[in-house]
Amino acid sequence: MTGEDSAADLDGQVEQDAGKLGESPESTTVVVIGAGPAGMTVTNLLRRAGIDCVVLERRSREHVAQRQRAGIVETRAVRMFDSWGLADRVLGGVPYDGVLEIRVDGESHLLSDSDGTEGLGARLCPQQVLVQKLTAAYLADGGDLRFEAADISLHDLTGDRPTVRYRTADGTVRALTCAFVAGCDGDHGVSRTTVPEGVLTAHAFDHGIGWLTVLADAPPPARPLLAVSPDGFAAHFPRGPQTSRYYVQCPPDDHPAAWPDDRVWDALRTRLGDPALVSGPITDREIFRLRSLVHDPMQHGRLFLVGDAAHIVSPMGGKGMNLALYDADVFARAVRDFVRDQDDTGLRTYSQRCLRRVWNDQEFSHWLTRTLHDAGDDTGTGPFHRGLARARLDRLFTSPHASRAFAELMTGMDPA
Ligand code: APR
């Protein structure tokens with residue numbers, strides 16, 4: 001379908017399905033769906049490359065800016081932002097010495113993510129701080145970001161000029177034609193579900209593990225802390241000067257109401273092996289199942305899936321947000337090469353390149369998930385797997401080669 005055809009078709013459609021008519025379709029190079037870490041990184045990188053784009057986000061700016069999830073921007077991602085000249089502007093939080101504590105039955109082991117390379121290291125930067133800074137930087141540079149864009153639909157993805165339609169808060173239907181669509185709208189977004197049945201293969205895995213996740217106004221630990229105990233896994237992460245995120249392993253179908261404050265703090269003190277752990281008001285409490293998901297390929301025609309829209313990685317290892325930042329970088333470079341040099345190599349190999357890292361990080365996360373759960377409470381997998389997991393930890397704590405390989409995976413500086 002040509003640009004003119006699709007525009008004519010679109011005008012007809014808009015008249016049919018809208019009470020209020022928008023203007024004729026606008027045109028841009030990339031329409032980005034979703035203003036989370038993936039979407040806002042794509043837009044900032046595209047602007048740095050001089051490529052125009054429009055971001056459509058279903059929720060309000062306030063909602064997006066408050067959503068709390070990940071907390072570590074790995075070394076590779078910090079250096080990625082730096083390579084685009086953006087590190088100082090978009091990375092908040094505090095630099096991180098790269099040391100992680102793994103406590104086994106109360107005994108502390110420190111693992112450094114130092115991989116011997118020079119340069120910027122990881123940052124403890126909560127996701128909402130990163131998103132707020134990316135949004136502010138994009139808007140300050142005159143970026144086009146439209147919140148509360150409802151009923152987004154994607155059309156002509158396999159043609160030369162896709163169209164994206166949406167409805168504004170006042171009910172006006174608008175349309176944008178573009179060269180590419182970046183689907184950055186997460187696991188429940190509209191982008192991936194637009195792809196016809198049979199094009200993508202979903203590889204899904206349920207770890208059979210639940211985590212109670214708690215956010216509290218309580219002192220953060222000196223460094224990220226993961227704990228193995230006979231009662232099950234627990235973790236304690238910094239999220240701000242007086243804010244902490246805790247995780248407590250629980251049955252996957254458990255309910256947050258079964259975890260009143262006293263039970264949460266008792267479980268944490270026991271599993272972290274820290275009877276003096278200081279408590280604080282709990283501001284959020286949820287339970288979720290650990291699951292992993294990969295969609296292959298990450299592209300359909302001119303739609304490119306970026307971040308959670310293409311893959312979910314279980315939270316162990318902190319790779320979810322970092323994978324989104326990786327995809328965003330690969331996509332932005334590919335579009336830049338195409339627009340600037342008419343080189344489509346990056347676009348053609350986008351899915352293949354991203355999936356290599358996705359599977360690499362899925363493997364790391366799966367390995368760490370199994371190791372830190374099996375080594376503790378053996379009711380799920382039995383004493384044999386407990387022995388295997390303890391042997392893996394022993395190797396990690398005693399072999400310089402094993403800890404170096406772990407560091408490489410933590411930083412994201414591995415070759416994948
Ligand atoms: N239309 C427009 N926007 C949408 C739609 C839709 N139909 N559906 C979802 N969105 C928006 C959401 O409101 C959200 O702002 O897309 C954004 C998706 O953001 P995330 O779910 O955070 O996904 P992503 O940007 O890929 O984040 C990557 O960070 O911590 C993690 O768990 C998170 O691993 C994930 C990562």
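Counting convention: from 1, in listed order, for ligands and their atoms alike.
- For D217, there are no side-chain hydrogen bond (donor to acceptor under 3.5 Å, both in side chains) partners at least two apart in sequence or on another chain.
- Around the CG atom of D88, the shell of radius 6.0 Å holds no more than 12 heavy atoms that belong to other residues, nucleotides or ligands.
- For F288, the ring-ring contact (aromatic ring centres under 6.0 Å, His included) test picks out no residue, with sequence neighbours left out.
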Solution key, residues 126-133 side-chain donor-acceptor pairs under 3.5 Å, sequence neighbours excluded:
from, atom 1, to, atom 2, distance (Å)
Q127, OE1, A70, N, 3.3
Q132, NE2, A65, O, 2.8

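- Side-chain atoms of N44 come within 3.5 Å of backbone N or O of L134 as a donor-acceptor pair.
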List ligand 1's nitrogen or oxygen atoms that come under 3.5 Å of a protein nitrogen or oxygen, with the partner atom and distance.
from, atom 1, to, atom 2, distance (Å)
ligand 1, 3 (N), R58, N, 3.2
ligand 1, 13 (O), E57, OE2, 2.6
ligand 1, 15 (O), E57, OE1, 2.6
ligand 1, 15 (O), E57, OE2, 3.3
ligand 1, 15 (O), R67, NH2, 2.8
ligand 1, 21 (O), R69, NH1, 3.2
ligand 1, 22 (O), R69, NH1, 3.2
ligand 1, 25 (O), P37, N, 3.3
ligand 1, 25 (O), A38, N, 2.9
ligand 1, 26 (O), D308, N, 2.8
ligand 1, 29 (O), Q127, OE1, 3.3
ligand 1, 30 (O), Q127, OE1, 2.4
ligand 1, 32 (O), R69, NH1, 3.2
ligand 1, 32 (O), D308, OD2, 3.4
ligand 1, 34 (O), D308, OD1, 2.8
ligand 1, 34 (O), D308, OD2, 3.4

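- Look at R76 and E74 and you find a salt bridge, because one of the NZ, NE, NH1 or NH2 atoms lies within 4.0 Å of a carboxylate O, short of that distance.
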